[in-house]
Amino acid sequence: MTPRVRFSPAPSGELHVGSARTALFNWLYARHTGGTFLVRIEDTDSSRTREEWVDAISDTLRWLGLDWDEAPWRQSGRVPEYLSAADALLASGHAYECYDTAEELTAMNAERAADKLPPGYDGRGRDLSAEERARLAAEGRPRTVRFRTPDDGRSTFTDEVRGEVSVEWSTISDFVIVRSDGSPLFFLANAVDDLAMGITHVIRGEDLIDTTHRVLAIRRALGGTEAPVYAHLPLILQADRAKLSKRHGSVAVEDFRERGILAEALLNYLSLLGWAPDDDREVMDRDEIVAAFTLDRVTPSAAIFDDKKLEWLNGEWIRRIPLDDLVERIRPLAAARFGDGIDTHLVACAVKLGQERATTLVALTNQMDFLFAESPFVIPEDVWEAVVSVDQPEAVLDAVVAHVETCAWDVDSIGTMRDAIKELGLKPGKVMKLLYAAIEGRAAGLPLFDALELLGRDVSLARLRAARLRLG
RNA sequence: GCCCCCAUCGUCUAGUGGCCGAGGACGCCGCCCUUUCAAGGCGGUAACGGGGAUUCGAACUCCCCUGGGGGCACCA
């Protein structure tokens, strides 16, 4: 049987990197095994669902290159299926109707907390007679459907990354599967759909381990025979070992995209959180990862998201993709920063200079500021302060101006300004930051001689002379 | 509070009883290269949480402790 896996996001926000990693591992598994990768939108909670998030998540998956094989499923369109499953559970005695009010449940849990009991349902509605139910309904009380969990014994399933996972049924109380407004809950919809879709492998976050017991129980009660293979992936945590949160910085895939992280790099990095190939490779493209990916090499322990390593990988990828491709990706960023009418040839030249040193697309774009700056050129105060402390700034600028006035206009000839600096008894490397500031407005940036060439003699001279003037 | 999962350098990891006086990568430090910053090259720093048990022999098996994380909703 060919594997069928699904990624099932809840459209209550942008795609989180943790979810993206889950999507990625499902996709990798499908592609590695020649199986089918499906997307199922879990939008049974209409109050948290927004259509724009459905589209945003799809866009993000496409950006990452995680393509799905069949039309996405929408749980909101399958409510009748879930409700008839609930009816079947009711009929078979696996579920029962309750008429507790929200206030009563809150009070019940307050009492349980006072008695040092875990939150949960005490089963008060379990064995109501038909007459009692009718009476409670007639009072206008809300009706929910609860799944009846076993009173004793253990629930056990085999997890591909953790082995046997087992829990005492007595610690899991009866849980709601149909809300009082008549809509189905996650547990029910999940069990019904995994069955209906013929899902063979459920690959998802470790935070869902405890719910697996419930979903599996519903599945069995519904007559599902063979259970899918489960693989619970380790959580991704932030540096303080807490769950990744907004406060920490980037958490949505789109945040990384806006920071100038390449899809290749993010995909590569995410694949390395909780998984490693059987050799020392780290920089891998999609195909390499697909070829090497197996569930038995997934790690069980939580991983901390390391932004530094991501940026390193991103730099690797910036250097790895073809220049033309890189230019294409920088173009929209440059247009947004400098205007649509900019000289695209100039952008391409700058990208070429920046490719071997950039860590993000954004940083690379920002380094091009000096090429599109308005005249007069402005050197920020703090940059200037940091740079005027070099030896003999006046002499350096005078010598460089003289050189630039007369030298041939190619990088090598421009570069002989080093000799002029040496003649002053200075090491070029020690005074360069002054020239970078004068020309690029920052103490370090794209290679100076190339920068001068791109800028042209007139603009270069104007900036150098302005800097000389500022020295007094 | 109860339940569940996890535990190798700061971080991501390799490691499935002897090949480990623990390997790779990021980071950090140093050196080289050098027009800045990077990139690149070379080298260095740094870990099997603690205690028992099994075994001729444990990072690898079992138990306890400790620590970390997750779950316990009419969210998913």
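As the structure is a computational prediction, the values presented were derived from the model and not from experiment. Here is the naming used below: chain letters follow the sequence lines, and residue numbers restart at 1 for every chain.
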Quiz item: Looking for any heavy atom pair under 4.0 Å, which part of the strands does A/Ser183 touch: base, sugar-phosphate only, or nothing?
Solution: nothing

Exercise. Return the nearest nucleotide to the side chain of A/Phe187; candidates are B/rC74, B/rA76, B/rC2.
Key: B/rA76

Quiz item: Between B/rA76, B/rU13, B/rC75, which nucleotide has the shortest distance from any of its atoms to the side chain of A/Ala303?
Solution: B/rU13

Quiz prompt | Six-ring centre of A/Phe293, A/Arg297 cation under 6.0 angstrom, axis tolerance 45° | solution = no

Self-check item: Out of B/rA7, B/rG69, B/rC37, whichever nucleotide has its closest atom nearest the side chain of A/Arg241
Solution: B/rG69

Self-check item: base_contact_polar (B/rC2 base, A/Thr171 side chain, donor-acceptor, <3.5 Å)
Solution: no

Quiz item: With distance as the sole criterion, do the side chain of A/Arg162 and the base of B/rC5 form a donor-acceptor contact below 3.5 Å?
Solution: no

Quiz item: Distance under 6.0 Å and angle within 45° of the ring axis: does A/Arg141 meet both against A/Tyr99?
Solution: no

Quiz item: Across the strands shown, which category fits A/Ala444 at heavy-atom distances under 4.0 angstrom: base, sugar-phosphate, nothing?
Solution: base

Quiz prompt | Separation of atom CZ in A/Phe370 from atom P in B/rC37, rounded to whole Å | solution = 16 Å

Practice problem: With heavy atoms under 4.0 Å as the rule, sort A/Arg204 into base, sugar-phosphate or nothing. | Solution: nothing

Quiz prompt | Phosphate contact (B/rA25 OP1 or OP2) by A/Arg281 side-chain N/O below 4.0 Å | solution = no

Practice problem: State which of B/rC12, B/rA76, B/rG1 makes the closest approach to the side chain of A/Ile304. | Solution: B/rC12

Practice problem: Would you kindly compare A/Arg297 and A/Asn109 by the position of their nearest RNA chain B nucleotide and give the one closer to the 5′ end? | Solution: A/Arg297

Quiz item: Tell me: CD of A/Glu311 to C1' of B/rA39, nearest whole Å?
Solution: 15 Å

Self-check item: Pair A/Asp122 + A/Arg124, salt bridge at N-O below 4.0 Å
Solution: yes

Quiz item: Does the side chain of A/Ser301 get closer than 4.0 angstrom to OP1 or OP2 of B/rG68 through an N or O atom?
Solution: no

Quiz prompt | A/Asn366 CG - B/rA38 C1' separation (whole Å) | solution = 15 Å

Self-check item: Atom-pair distance (CG on A/Asp369; P on B/rU36), nearest Å
Solution: 22 Å

Practice problem: Would you indicate which nucleotide in B/rU13, B/rU35, B/rC5 comes nearest to any side-chain atom of A/Ile209? | Solution: B/rC5

Quiz item: Any side-chain donor paired with an acceptor under 3.5 Å for A/Ser413 and A/Asp410?
Solution: yes

Quiz item: With respect to the side chain of A/Lys308, which nucleotide from B/rC26, B/rU36, B/rA38 is positioned closest?
Solution: B/rC26

Quiz item: Using the P atom in both, what is the distance from B/rG10 to B/rA22, to the nearest Å?
Solution: 15 Å

Self-check item: Side chain of A/Glu206 (C-beta onward), nearest among B/rC4, B/rG1, B/rC5
Solution: B/rC5

Self-check item: Face-to-face contact A/Tyr436 to B/rU36 six-ring, under 5.5 Å, under 30°
Solution: yes

Quiz item: Choosing from B/rG71, B/rC74, B/rA25, which nucleotide comes nearest the side chain of A/Glu282?
Solution: B/rA25

Exercise. Measure from CD1 on A/Ile236 to P on B/rC6 and round the result to the nearest Å.
Key: 18 Å

Self-check item: Closest-nucleotide ordering on RNA chain B, the 5'-leading residue of A/Ala242 and A/Lys309
Solution: A/Lys309

Quiz item: Can a side chain N or O of A/Arg179 be found less than 4.0 Å away from OP1 or OP2 on B/rC75?
Solution: yes

Quiz prompt | Option passing side-chain contact (heavy atoms from CB on, under 4.5 Å) with A/Val161 (candidates A/Val298, A/Thr299, A/Asp296) | solution = A/Val298

Quiz item: How would you label the contact of A/Arg146 with the nucleic acid (heavy atoms, under 4.0 Å): base, sugar-phosphate, or nothing?
Solution: sugar-phosphate

Self-check item: Side chain of A/Asp306 (C-beta onward), nearest among B/rA25, B/rU13, B/rU11
Solution: B/rU11

Exercise. Just compare B/rC75, B/rC6, B/rC3 and give me whichever is closest to any side-chain atom of A/Asp45.
Key: B/rC75

Practice problem: State plainly whether the residues A/Arg320 and A/Asp325 are in salt-bridge range, i.e. N to O under 4.0 Å. | Solution: no

Quiz item: Is it true that a side-chain atom of A/Asp174 and a backbone atom of A/Arg146 form a donor plus acceptor pair closer than 3.5 Å?
Solution: no

Exercise. Establish, for the pair A/Arg6 and A/Trp73, whether the NZ or CZ atom is under 6.0 angstrom from the six-membered ring centre and no further than 45 degrees off its axis.
Key: no

Exercise. Scan A/Pro300 against the nucleic acid and name what it touches under 4.0 Å (heavy atoms): base, sugar-phosphate only, or nothing.
Key: sugar-phosphate

Quiz item: Hey, does the side-chain of A/Asp210 have a donor or acceptor N/O within less than 3.5 Å of a partner on the base of B/rG70?
Solution: yes

Quiz item: Could you give the CD1-to-C1' distance, from A/Ile318 to B/rG40, as a whole number of Å?
Solution: 16 Å

Exercise. Pick base, sugar-phosphate or nothing for A/Leu208, based on heavy-atom distances below 4.0 Å to the nucleic acid.
Key: base

Quiz item: Base, sugar-phosphate, or nothing: which does A/Arg40 touch, judged by heavy atoms less than 4.0 Å apart?
Solution: nothing

Quiz item: Quick one: A/Leu235 CG to B/rG69 C1', roughly how many Å, whole number?
Solution: 7 Å

